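Quick caveat, the model's predicted, so the values are computed rather than measured.
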Amino acid sequence: MICVQMTLPPTACRRNPRLFDGRYISLTRWNDGTLRPNLKPMRVDRFFSVDDYALAVCNELCMALEGLVER
């Protein structure tokens, strides 16, 4: 008789699942149910603009939260 043990891959039961993974932020849900936005490292070069970066982060956060939070 052959016995095969199947296990779930580590990503199947993540402790804090990532709900959104964008260019500037990621959004995870913690064990207590709270949503936590995480900023990714900034890419600063000669074309970097603080205003453009802030607007892009804001837009991504709005996209991530759309449908997850009741109005």
State, to 0.1 Å, how close R18 and D21 come at their nearest heavy-atom pair, and which atoms those are.
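That closest heavy-atom pairing would be CD-CB, 3.6 Å.
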With side chain to side chain contact (heavy atoms under 4.5 Å, CB included) as the criterion, how do L35 and T28 come out once you've worked through the C-alpha distance, each side chain's angles and the decisive distance to 0.1 Å?
CA-CA 6 Å; L35 300 175; T28 55; over 6 Å; no
Same cluster for [X] and [Y] if Ile/Leu/Val/Met/Phe/Trp/Tyr side chains link at under 4.5 Å?
| X | Y | result |
| --- | --- | --- |
| F47 | V44 | no |
| L39 | W30 | no |
| L65 | L55 | no |

Min side-chain heavy-atom separation R23-K40 under 4.5 Å
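Side chain of R23 against side chain of K40, heavy atoms only: no contact under 4.5 Å found.
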Flag the pair I25 / F20 as yes when at least one side-chain heavy-atom distance between them is below 4.5 Å, and no otherwise.
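A side-chain contact under 4.5 Å exists here.
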Measuring from atom CZ of R36 to atom OG of S26, what distance do you get when rounded to the nearest 0.5 angstrom?
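Going from CZ on R36 over to OG on S26, the span is 12.5 Å.
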When you compare the side chains of D32 and T34, does any donor N or O come within less than 3.5 Å of an acceptor on the partner?
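Per modelled atom types, D32 and T34 side chains form a pair under 3.5 Å.
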Describe, in one word, how the ring planes of Y53 and F48 are oriented to each other, choosing from parallel (under 30°), tilted (30 to 60°) and perpendicular (over 60°).
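Ring orientation of Y53 relative to F48: tilted.
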